[in-house]
There are 2 protein chains.
Amino acid sequence: MAVTLKDIARECGVSYSTVSKALKDSPLVTEATKRKIKEKAEQMNYIPNNSARSLVSNRSNTIGLIWPAVDRVAITTLASQINQALKKEGYFMVVSIEDPITAAQKFLELRFDGVIVFDEGEHTTLPTKITKNIPVVAYGVERELDYPIINVNHDLAMKQAIDALIHKGYHQVDYFGDLHTNDIRQIVKKDTFIRHCKQRRITYRMVDSGGLSEESASRAMKSFLANHDLNGGVVCGSYDITMGLLHHVKDTKQTPMIFSYDHIDQFNSIDTPIHSVGVPSHFIAQKLVDVLVDTIETNKVNRSVIQLKPQINYR
Amino acid sequence: MAVTLKDIARECGVSYSTVSKALKDSPLVTEATKRKIKEKAEQMNYIPNNSARSLVSNRSNTIGLIWPAVDRVAITTLASQINQALKKEGYFMVVSIEDPITAAQKFLELRFDGVIVFDEGEHTTLPTKITKNIPVVAYGVERELDYPIINVNHDLAMKQAIDALIHKGYHQVDYFGDLHTNDIRQIVKKDTFIRHCKQRRITYRMVDSGGLSEESASRAMKSFLANHDLNGGVVCGSYDITMGLLHHVKDTKQTPMIFSYDHIDQFNSIDTPIHSVGVPSHFIAQKLVDVLVDTIETNKVNRSVIQLKPQINYR
DNA sequence: TTGTAAGCGTTATCAA
DNA sequence: TTGATAACGCTTACAA
């Protein structure tokens, strides 16, 4: 059915290994024959069979991204930047929204060259059985894993945000984020916020967003505002949570200074100025790709945790 | 490196073709040998090589979803429902966020069994060169394509929404949506809204959301409200646009009756009651999968447009 | 510069 | 009930 190298070879009156070489621009073939073969291939609509290729070369040039919760804006931005970065390195990225183990197992069967996983804690950890068979790199937080992890230095980020608030004259700060969760990234944000407030001896309140979605954050903020004022500075745990808060910011006497996690461009198209802390997502993406490609090519994993330095972005 | 059938065969003292049969539970192998082989395979952490399988069987049991704009909440919900439905049919779903042609080409090379594409107009149309080589089904709107399309009956949906508004006593209705776009789905919504308003001889206004994102919708609504009131009923073009509107609904004298496109559960977790029109996403998902699986199995495309009947959901 | 042939890991057909 | 073997489409020594 599909056109194969043999078909092209027959048409061109050459052997199929010559076609194979010609199509990958091998110097072992005359320019003239190359041209003829390429033309014919194009015209016959030849589509290389990756299964066959991968079988002999052990390379699929495909990377799997594991992303079970396709719903948070900041992560969406990161994903598309990873896609770009991988493309530049010659890889095709494909994402699975299955649970991490299922997805990784399938990627393994498909003989992909590597996997990137958005780590969210225990339930998202890949077992050695899998990770010893394929290069893996995680975007997550610092913890014991047998594959490399890229993450933001949350501790520093919180410190930067709180210090900025103090510097602007605030004597009280609120944290608005997901307080009751297993998501390790959220837990770290919460914990470091508290720790830094204590160190600075500044008054603080913790407001539970009841989840990571904009909707839940909106509800939570509404009921919070029914009994409280927003009179200090506020730090939000994520872009979506910030958006939930913004539904109600009109209700308060005056807009407080808001710092949000996630360093993405979307903040620029909002009227209310939201300052942000975080690592620019294109930077995170590049790092993830660099580390992955490196472990694919050198074939040695380094079980390191790479901390990316956050920046403050005033708007 | 990776364990192959031959490795297992050697360990078990049988031929590798027996192992192959045993592992797929063929009746041609004794229960006893099967058990032994399966145990060994498990213990050796055997991972089937899909490339080899696909090479001989011409089946990869994988479906590619083309979804270049991973950012709209309603679509996210749909994607995960498609994932579920495909899984039930024995397929693994993988998504690409590349542009449609690139993605489809890669899916072809990877010898996936089929592709689902979220159609958004000309720029999202797959050429015959591709579609004659792999079963494709689109989620889109009615237009000339050489592969089947599933879509919502927008005409009926608009009619339902406008009629509901009229029934509730509104004499004026506003449409809030993406007015200047190439996205064929948005164009159809806009056009049918206007047509039905004219037919009903009801006053209407068109408010441009300046895009499909919540942020742009929010900005647009803000500047609209600076000079206008929201005193009629309103129909929003999508979930995200509705969310953008909600940022400002507190500013109006009273909450108008709002109908939104997209029939998803997220509306249930918002305080402001938003009624919706649309086809439940699990229904759309199931239809897409049914049609795709059917064309894969029967191996014959039907170039039909399948219109799904929308429903009104009051909240 | 081009062609021959082995081999990648499976499945499936046929023979034992 | 099991085992040999050809074939899938391709890459890559190696031979011509």
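Quick note on labels: first sequence line is chain A, next is B, and so on, each numbered from 1. Just so we're clear, the structure is a prediction, and the values are computed from it rather than from any experiment.
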How would you list, by chain and number, every residue that makes a salt bridge (charged side-chain N to carboxylate O under 4.0 Å, His left out) with Asp113(B), sequence neighbours excluded?
Arg59(B)
Hits for ring-ring contact (aromatic ring centres under 6.0 Å, His included) against His263(A), two or more places apart or cross-chain, chain-then-number order -> none
Leu55(A) CG to dC8(D) C1', straight-line distance once rounded to whole Å:
9 Å
Any residue meeting side-chain hydrogen bond (donor to acceptor under 3.5 Å, both in side chains) with Asn83(B), in chain and number order, not counting sequence neighbours
Glu98(A)
Could you work out, with side chain to side chain contact (heavy atoms under 4.5 Å, CB included) as the rule, every residue matching Gln43(A), not counting sequence neighbours?
Lys40(A)
Nearest whole Å is fine: how far is dG9(D) P from Leu110(B) CG?
16 Å
Are the side chains of Val94(A) and Leu65(A) in touch, meaning some heavy atoms are under 4.5 Å apart?
no
According to side-chain hydrogen bond (donor to acceptor under 3.5 Å, both in side chains), who are the partners of Thr33(B), at least two apart in sequence or on a separate chain?
Thr30(B)
Take the protein atom CZ of Arg111(B) and the nucleotide atom P of dG9(D), then report the distance between them rounded to whole Å.
9 Å
Can you tell me if Lys287(B) has over 12 outside heavy atoms packed within less than 6.0 Å of its NZ?
no
Output the rounded distance in Å from CG (Leu5(A)) to C1' (dG9(D)).
7 Å
Interatomic distance where CD belongs to Glu109(B) and P belongs to dC10(D) [whole Å]:
11 Å
Sequence neighbours left out, what passes side-chain hydrogen bond (donor to acceptor under 3.5 Å, both in side chains) with Ser17(B)? Give chain and number order.
Ser15(B)
Report the residues that fulfil salt bridge (charged side-chain N to carboxylate O under 4.0 Å, His left out) with Asp7(B), sequence neighbours left out, ordered by chain and then residue number.
Arg10(B)
Between which nucleotides of DNA chain C, read 5' to 3', does contact with chain A run, using atoms under 4.0 Å from its heavy atoms?
dT1(C) to dG9(C)
Five pairs per end, C1' atoms only: what is the angle between the end axes of the helix from dT1(C)-dA16(D) to dA16(C)-dT1(D), to 10 degrees?
50°
Non-neighbouring partners of Tyr147(B) that pass ring-ring contact (aromatic ring centres under 6.0 Å, His included), sequence neighbours left out
none
Can you sort out which residues in residues 12-37 of chain A have a heavy atom within less than 4.0 Å of DNA chain C? Ascending by number, please.
Val14(A), Ser15(A), Tyr16(A), Ser17(A), Thr18(A), Lys21(A), Leu28(A), Val29(A), Thr30(A), Thr33(A)
For atom CG of Asn49(B) and atom P of dG9(D), their distance in whole Å
16 Å
Does dT11(D) have OP1 or OP2 sitting under 4.0 Å from an N or O in the side chain of Arg53(A)?
yes
Can you list the residues that meet the side-chain hydrogen bond (donor to acceptor under 3.5 Å, both in side chains) rule with Lys132(A), with sequence neighbours excluded?
none
